[in-house]
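The next block holds one structure in the form of structure tokens; read it before the comments.
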2 protein chains.
Amino acid sequence: MGITKTQIFTDKQNDLAQFFKVLGHPARVAILQYISSQNACVCSDLVDEIGLAQATISQHLKELKSINLLKGEIDGKSMCYCINVERWSEIQEQLNAFFNNAKLNCC
Amino acid sequence: MGITKTQIFTDKQNDLAQFFKVLGHPARVAILQYISSQNACVCSDLVDEIGLAQATISQHLKELKSINLLKGEIDGKSMCYCINVERWSEIQEQLNAFFNNAKLNCC
DNA sequence: AAATAACATCGTAATATTGCAATATATAGT
DNA sequence: ACTATATATTGCAATATTACGATGTTATTT
């Protein structure tokens with residue numbers, strides 16, 4: 001087995017979980033923190049900054065792009081990866097909705 | 001090699017990622033949603049509600065407990081799993097800090 | 001004390017993730 | 001065209017996760 005049974009959950013549950021999953025790696029947290037602390041960012045900076053191989057960083061960036069948290073623009077011969085502000089806010093709202101939805105009067 | 005290099009990240013980054021990781025499964029999202037929609041909860045309800053085997057639900061509950069999001073109290077011969085309100089709020093704040101920390105004036 | 005009920009844990013098979021070397025691709029400068 | 005630089009992709013080995021049947025544990029009921 002070992003395969004997640006996505007079909008028994010709602011799309012919302014799967015989407016939310018997918019988002020959490022992508023953020024569930026310290027390298028990806030670190031990448032987001034670093035990118036958001038700069039005004040722009042190129043991947044070679046990240047390789048130096050994070051301390052993982054270039055192939056590995058590139059893979060993590062791909063996953064962050066897969067949920068639209070980053071947008072990458074070609075800037076000469078390097079890439080400029082930036083936070084996708086709209087998506088970022090949208091997700092923050094979704095998370096707050098998730099948290100606030102919890103009725104807290106139990107036990 | 002398949003092992004996450006936690007040692008190259010800060011404790012905060014690892015903690016945040018660990019939290020995201022635990023929530024990064026639709027079954028655990030569904031469990032939290034269901035528990036928070038009730039005032040109390042026993043595991044057998046969850047098995048019916050979610051549609052995974054009892055052993056699997058039990059495992060997911062264990063992971064949610066590992067980040068202190070749930071507290072379980074023994075209630076006769078069954079368990080009452082509840083949201084840990086303090087921890088829940090604490091994490092929500094941490095996430096908002098993470099999101100708000102992003103400077104959004106890039107590109 | 002035996003049977004039942006409600007979880008928890010163990011063991012294991014299937015699948016996913018992580019990390020990197022090697023290689024591919026694309027652009028800039030010479 | 002050639003070389004250097006920057007990033008992406010591929011392939012693979014090591015490890016982690018998911019799911020569940022079987023079994024263990026603990027408390028209630030009879």
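In what follows, chains are A, B, ... by sequence order, proteins preceding strands, each numbered from 1.
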Side chain to side chain donor-acceptor pair (under 3.5 Å) filter on B/S78, not counting sequence neighbours, yields none

Residues passing the salt bridge (charged side-chain N to carboxylate O under 4.0 Å, His left out) test with B/E63, sequence neighbours excluded, are B/R28

Scoring nucleotides 2-10 of chain C by protein non-hydrogen atoms under 4.0 Å (B base, S sugar-phosphate only, - none) yields ---SSBBB-

**Asked** Is any side-chain nitrogen or oxygen of A/H60 closer than 4.0 Å to OP1 or OP2 of C/dG19?
**Response** yes

Here the pair of heavy atoms bringing B/I50 nearest to B/A27 is CD1-O, 4.5 Å

Taken in chain and number order and not counting sequence neighbours, the residues that satisfy salt bridge (charged side-chain N to carboxylate O under 4.0 Å, His left out) with A/E93 are none

Residues of residues 6-31 of chain B with a heavy atom under 4.0 Å from any atom of DNA chain D, listed by number, are B/K21, B/H25, B/R28

Sequence neighbours excluded, the answer for side chain to side chain contact (heavy atoms under 4.5 Å, CB included) partners of B/S58 is B/Q54

For B/E90, the salt bridge (charged side-chain N to carboxylate O under 4.0 Å, His left out) test, sequence neighbours excluded, returns B/R87

A/L46 CG to D/dA8 P, in whole Å, measures 10 Å

Looking across every strand, which nucleic acid part, if any, lies under 4.0 Å from B/I74 by heavy atom: base, sugar-phosphate, or nothing?
nothing

With sequence neighbours left out, the residues meeting side chain to side chain contact (heavy atoms under 4.5 Å, CB included) with B/T10 are B/K12, B/Q13

Sequence neighbours excluded, the answer for side chain to side chain donor-acceptor pair (under 3.5 Å) partners of A/K65 is A/Y81

When rounded to whole Å, the CG to P distance for the pair A/D75 and D/dT7 reads 10 Å

